[in-house]
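Just follow the structure's listing: the first ligand is 1, and inside any ligand the first atom is 1.
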Amino acid sequence: MDLHHTLAENVAAIQTRIERACLRAQRDPQEVTLIAVSKTVPAATVRAAYEIGLRNFGESYGQELRDKAADLADLTDLRWHFIGPLQKNKIKYVVGRCTLIHSVDSLELMDEIEKRAAQLTINQEVLIQLNLSREETKSGIGETDLEKILNGLAQYPHCRGVGLMTMPPFFDDPQQAAPFFARLHELKNSQVAIKREGVDLRHLSMGMSGDFEVAIEQGATLIRVGTAIFGGR
Ligand SMILES: *Cc1c(COP(=O)(O)O)cnc(C)c1O
């Protein structure tokens with residue numbers, strides 16, 4: 001089948017599911033942004049996804065982001081999100097190219113992001129990634145470190161912390177992810193009232209192909225969906 005047609009069908013089905021989840025949670029679908037996770041997807045396919053109306057794309061690898069952003073530079077309102085584990089030496093590919101970095105998990109990383117953002121004289125928005133299940137294989141801070149990181153953001157005049165991100169363990173039954181999403185929401189609620197320089201917690205980045213409806217019911221504002229749009233990687 002034609003690529004545009006397949007993508008449009010997949011996205012329409014996802015949008016219906018987003019709307020239904022919002023209805024159940026009595027939320028406005030406008031509050032939920034669909035980020036199409038395009039890691040490993042060729043630039044030509046990303047272009048097709050743009051042409052059927054998607055604007056937000058998520059990438060996990062620095063060089064892949066750099067190369068695709070170059071290929072698609074003519075699409076000036078396309079927004080990239082960095083969602084992968086972030087290493088210091090990859091920061092140069094990410095800062096300034098991405099609307100939002102979802103995966104900050106240390107102030108050491110923030111030092112590097114700030115340096116690069118200052119060089120480019122831009123303001124870089126970031127999310128703090130939490131590892132709520134404490135799985136060894138996942139990046140992200142533990143919840144006890146959240147205050148320390150949020151307090152630390154004041155030192156970075158070219159950066160702004162705009163929310164939290166998490167990735168729960170994989171469950172066959174997506175409902176089992178609900179407590180992790182609910183916990184991220186609680187953490188945001190407990191911190192949002194504290195006024196801090198450089199911090200404005202408006203986003204919850206949570207939910208993937210298998211569990212985005214559950215995440216929406218628990219307050220997600222950014223959902224990161226790859227395989228349900230582009231097929232298996
Ligand atoms: C790959 C990835 C996704 C998308 O996963 P799908 O199951 O393909 O929707 C979302 N978030 C992160 C952090 C990822 O690495």
Side-chain angles (χ1 to χ4, degrees), residues 6-7 9-18 21 32-43 45-46 48-49 52 54-66 68-69 79-87 90-91 93-94 97-106 109 113 125-141 162-178 180-181 183-185 203-233:
T6 306
L7 291 172
E9 268 192 3
N10 291 349
V11 170
I14 291 164
Q15 265 152 2
T16 303
R17 290 166 62 190
I18 292 172
V32 181
T33 299
L34 172 63
I35 299 172
V37 175
S38 51
K39 63 185 181 211
T40 78
V41 172
T45 307
V46 178
I52 61 138
L54 293 179
R55 288 295 176 270
N56 290 277
F57 293 88
E59 290 285 335
S60 293
Y61 309 103
Q63 285 102 324
E64 185 180 344
L65 167 70
R66 175 197 60 192
K68 262 183 228 173
R79 289 181 291 276
W80 296 106
H81 295 252
F82 196 80
I83 63 171
L86 204 46
Q87 294 122 7
K90 301 293 163 60
I91 278 176
Y93 303 131
V94 173
R97 278 202 181 86
C98 291
T99 303
L100 186 56
I101 300 173
H102 292 231
S103 45
V104 167
D105 62 2
S106 74
L109 221 43
I113 295 172
E125 295 198 331
V126 305
L127 304 180
I128 306 303
Q129 181 172 358
L130 282 113
N131 179 359
L132 299 174
S133 54
R134 308 309 289 152
E135 288 171 287
E136 296 273 331
T137 53
K138 293 229 163 82
S139 22
I141 59 164
V162 298
L164 308 178
M165 182 271 223
T166 201
M167 223 172 145
F170 175 80
F171 296 108
D172 286 322
D173 170 13
Q175 278 303 335
Q176 288 187 268
F180 295 93
F181 298 142
R183 184 63 190 145
L184 198 73
H185 199 166
H203 284 302
L204 287 173
S205 170
M206 54 190 200
M208 321 200 319
S209 292
D211 57 17
F212 69 84
E213 289 148 297
V214 179
I216 289 170
E217 289 169 17
Q218 299 299 336
T221 64
L222 303 168
I223 59 172
R224 310 179 308 267
V225 179
T227 47
I229 296 173
F230 296 110
R233 284 183 291 273

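Using modelled atom types, one side-chain atom of Glu64 and one backbone atom of Thr40 make a donor-acceptor pair closer than 3.5 Å. Under the 3.5 Å distance criterion, the side-chain polar atoms of Ser133 are left unmatched by any main-chain donor or acceptor of Pro168. Formation of a donor-acceptor pair under 3.5 Å by the Lys68 side chain with backbone atoms of Val41 is found in this model.
Under 4.0 angstrom from ligand 1, the non-hydrogen atoms of Thr227 come from both its backbone and its side chain. Heavy atoms of Ser60 found under 4.0 angstrom from ligand 1 belong exclusively to the side chain.
Closest to atom 6 (P) of ligand 1, if we only count protein heavy atoms, is Ser209 OG, 3.5 Å. Ranking the protein heavy atoms by distance from atom 12 (C) of ligand 1 puts Ile83 CD1, 3.5 Å first.
When only interatomic distances are considered, the shortest N/O to N/O separation between Gly226 and ligand 1 falls below 3.5 Å.
If you number the atoms of ligand 1 from 1 as listed, the ones under 4.0 Å from a heavy atom of Val225 come out as 9 (O). Near Arg224, meaning under 4.0 Å from one of its heavy atoms, ligand 1 places the atoms 4 (C), 9 (O), 10 (C), 11 (N), 12 (C), 13 (C).
Between Ala228 and Asn10, the shortest heavy-atom distance links the atoms O-CB, 3.4 Å.
Aromatic ring orientation, Phe57 versus Phe230: tilted (interplanar angle from 30° to 60°).
Look at His102 and you'll find every heavy atom at least 4.0 Å from all atoms of ligand 1.
Of all the listed residues (Lys39, Met206, Met208), Lys39 holds the heavy atom that lies closest to atom 14 (C) of ligand 1.
In this structure, the separation between OG1 on Thr33 and CD1 on Ile35 is 7.0 Å, given to the nearest 0.5 Å.
Under the 4.5 Å side-chain criterion, counting only non-hydrogen atoms from C-beta, Val37 is not in contact with Val225.
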